[in-house]
2 protein chains.
Amino acid sequence: MTKPHTRIEKPSPPTRAALLPATHQEIVHEISANYERLSKRLKQIAGYALDNPNDFAIDTIAETARKAQVQPSALIRFAKAFGFDGFSDVQRLFQQRLLDVHSSYESRLESVRGSGENTPAALLGRFVEGNIAALEHLSRTIAPEKLNEAVRLLGQAGVIHVMAMHRAFPLAAFFYYAIATMGRRVQLIDNVGGLGREQQKQIGINDALFVASFSSYTPEVVHTAEQTLRRGIPVVALTDHPLSPLTTNSSVCFHVKDAAVHDFRGLSTSMCLVQTLIVALGVEA
Amino acid sequence: MTKPHTRIEKPSPPTRAALLPATHQEIVHEISANYERLSKRLKQIAGYALDNPNDFAIDTIAETARKAQVQPSALIRFAKAFGFDGFSDVQRLFQQRLLDVHSSYESRLESVRGSGENTPAALLGRFVEGNIAALEHLSRTIAPEKLNEAVRLLGQAGVIHVMAMHRAFPLAAFFYYAIATMGRRVQLIDNVGGLGREQQKQIGINDALFVASFSSYTPEVVHTAEQTLRRGIPVVALTDHPLSPLTTNSSVCFHVKDAAVHDFRGLSTSMCLVQTLIVALGVEA
DNA sequence: ATTCTGCTGGAATATTTATTCTATCCCCTG
DNA sequence: CAGGGGATAGAATAAATATTCCAGCAGAAT
C-alpha cells in the first residue's frame, strides 16, 4: 500500500492546510494539533511560542532565536511548516493578539457587567467578579492568629483526618491529595460502605481532624467534630456562618462565604483557604 | 540586553530634558506637557501617538507615517525632539505598554510564588493575590464561543459522565455534586474497584464526557477522552496547557493556569470555570 | 555497516526598515 | 514684501532584519 506520506514538492506547505490560520487563536490551535508531527527543533519553537506569546510578538527574529535557543532559520522553517510565506506572517498573528486583548477588554467587561445576561461568558464574568470580592474579603477578615493556631494544631498531629461531604467534599479530596503528596499521614473519612463510625474511631489521641461543612451542615460531619473535640483532639473547621454548629464544635473555626450566582455557590474561596493551610503546613515542616 | 550601539553622539536634545522617559506613562506625560512647544507636523504626530498607541507600537515607521499623514523623517525628528536617539527607542516604550498590561498576570504570579514571609497570613495574602490575578486572566482570555459550545454539548447530553483524578479530582467531585443536585443525570468515572474500563463502557452514544487533568496528565483520563471522542461522543476538557494531550483529544478544551505558591498549585480558578459551566447549564434548561 | 532522507546550523544574500541629508518651503518679522 | 530661520518632504544612504541556500549531520531503513 502506498503511503500518502509523500510530502509534496518544496513550494507547497508540509501540512496540507487548506487555508492558513488568520488569528492567534487559530494558530495556537493549529500548533497544538500538529505538535506531535513536528521535528525536534520545531517542537522547541512551538513550545516557546505558546509559552511566551508576548515576547514572540515583539522580538526580532534574531532575539527570538536566541531566547528559544534555536537558529533564526529554524523560525522560518517553523512558519513555512504551517503554510506561511515567512516568519513575519506568523509574528503578525501574535501581534494582533496583543492588540485584540488590549482593546477589547474594556468592552467585554461592559457587556459582562450588564446585569441580567445569562450567556456563559456573562456568567463567567460575574463569577470572577464575585470570587475576587470574596477572596479580598477573606484576606481582610481572617485573623492571623487563627491561621497560626490551625497550622500549629495540624502540624503537631500524628495523623490528620479529614472529613467533608456534599458540597464541601471537594475540599476534603483536595486536602487529602495535597497532604498525602507532601508525604504526611492523612486519612479521609468518606463514610464508604457506611463505615463512618468505624473510620471515626481511627482518630487517635495524638491526631487532628479537619472538617468542612456548609449550609445545611451534614449531621455526620458535625457529629464527628463534636465527638472528636470532646475526646480532647484538635478540630480545625471550615464553614460558612458564625452560627454554624461547627463554630462551637471545633478548636479553630474559619468562616468563608463563597461567591454565588443564581443561588449556586462555588468553592474557589474555600479552596484558597485550604490551599493556604496546606502550604503553611508544608513550609513549617 | 546587548543593544546595537548608537554610534553618533548627538550634542544636545532640543528640549532641555535632563533624563528621558523610560516608560509609556512617562513619555505620554512628556508629550502632553510639551505639546504646545512642538511644530505643526510634530503636533500632528503627538496627537496620533496619543490616540493610537496600539498601532504606534507595532507598525513600521513607514506605516505609521502613512497613517499619521507625515513623512517618515518627521517621526525621527519627533523622537529626537524628546531626546531619543531614534524612532525605535520611542516605539519600544509603546511596545512595553502592550506587554505590561498583557503580562501583568504572569509577572504578578511570579512575584507571588516564592519570596516573602512564610507566616500563614502572608501565605494567604499571596494566594489571594495570585488567585485574583489568575481569575482576571481567565475572564480575559476565555473565548465566549468555547463556553457556548461546551454548554451546548453538555446540555444536549443524555447522561453527563465526568472523570478526573489526582489534583483534578475535586473538580469532578464538585461537578458531579452540582449536576446531580440540579436533577440531571450524571455519572462519575472514579475507577473504584479498578472498574474504570467498565465505567467507560457506560458512556452512551448520546451522552457527553467532562474530563479534567493537569501537569503530568493521568493516562487513564487521557485514554478515556481519546476513546470517547473517537466514538463520536462530545468531550469537554479542562487542562493547564495548550500542549496537554487533552487539547487534541476533546471537542472543546479550556486551558486554565491556577496560581501557585511554593510550587503548590491551587484549584480556585479551575473551580470558578467549572462553577460557570454548571450554572450556565442550569439556567439554559 | 550503508545508503538514504530529511533536519539542522550557519554563512551568504535579499529585503525591509530606519535614518540622514539637503534643497525647498513656509511663515514670521522688520 | 524681502530676508532669515526653522521646519519639511523626499530622495539617498545606512542599518537592521528576514530569508535563502547548502554542506554536514543524524536517524531510519536496508
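In the text below, chain A, chain B and the rest are named by the order of the sequence lines, each starting its count at 1. Only heavy atoms go into these numbers, but all of them, side chains included; no hydrogens, no water, no symmetry mates.
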I'd like a table of atom pairs between the protein and nucleotides 18-20 of chain D - only N or O on both sides, under 3.5 Å - with the distance next to each one.
{"from": "D:dA18", "atom 1": "OP2", "to": "A:I61", "atom 2": "N", "distance (Å)": "2.5"}
{"from": "D:dT19", "atom 1": "OP2", "to": "A:F87", "atom 2": "N", "distance (Å)": "2.8"}
{"from": "D:dT20", "atom 1": "OP1", "to": "A:K80", "atom 2": "NZ", "distance (Å)": "3.4"}
{"from": "D:dT20", "atom 1": "OP2", "to": "A:K80", "atom 2": "NZ", "distance (Å)": "2.4"}

Let me know the distance between [atom1] of [X] and [atom2] of [N], rounded to the nearest Å.
X: A:Q44; N: C:dT8; atom1: CD; atom2: C1'; value: 11 Å
X: A:E63; N: D:dT17; atom1: CD; atom2: P; value: 8 Å
X: B:L42; N: D:dA9; atom1: CG; atom2: C1'; value: 14 Å
X: B:K40; N: C:dC28; atom1: NZ; atom2: C1'; value: 15 Å
X: A:R41; N: D:dG27; atom1: CZ; atom2: C1'; value: 14 Å
X: B:L75; N: D:dG10; atom1: CG; atom2: P; value: 14 Å

Notebook entry, point to check: Passes side-chain contact (heavy atoms from CB on, under 4.5 Å), B:S251 versus B:L229? Steps please.
Noted result: CA-CA 7 Å; B:S251 319; B:L229 187 68; 3.5 Å; yes
Margin query: With a 4.0 Å cutoff (strictly under), does any side-chain N or O of B:Q71 reach OP1 or OP2 of D:dT8?
Written below: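 Answer no for this pair, as no side-chain N or O of B:Q71 is under 4.0 Å from OP1 or OP2.
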Next item on the list: Look at the side-chain N and O atoms of B:R77 and state whether any lies under 4.0 Å from the OP1 or OP2 oxygen of D:dA7.
Entry: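 B:R77 to D:dA7 OP1/OP2: no side-chain N or O under 4.0 Å.
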Checklist line | side-chain contact (heavy atoms from CB on, under 4.5 Å) between B:I27 and B:I31, intermediate numbers included | finding: CA-CA 6 Å; B:I27 199 177; B:I31 291 172; 4.2 Å; yes
Next item on the list: Decide whether a cation-pi geometry holds between B:K67 and B:Y48; the criteria are a distance under 6.0 Å from NZ or CZ to the six-membered ring centre and an angle within 45° of the ring axis.
Entry: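 No - B:K67 does not lie over the ring of B:Y48 by the 6.0 Å and 45° rule.
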Next item on the list: Hey, can you tell me if A:H24 and A:F94 have their rings parallel, tilted or perpendicular (30° and 60° cut-offs)?
Entry: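 The rings of A:H24 and A:F94 stand perpendicular, inter-plane angle above 60°.
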Next item on the list: Could you label the plane-to-plane angle of the A:F174 and B:F264 rings as parallel, tilted or perpendicular, counting under 30° as parallel and over 60° as perpendicular?
Entry: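 Judged by the thresholds at 30° and 60°, the geometry between A:F174 and B:F264 is perpendicular.
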Notebook entry, point to check: Does the pair B:F87 and B:F56 meet the rule for a ring-ring contact (aromatic ring centres under 6.0 Å, His included), with working shown?
Noted result: CA-CA 11 Å; B:F87 176 75; B:F56 199 88; 5.6 Å; yes
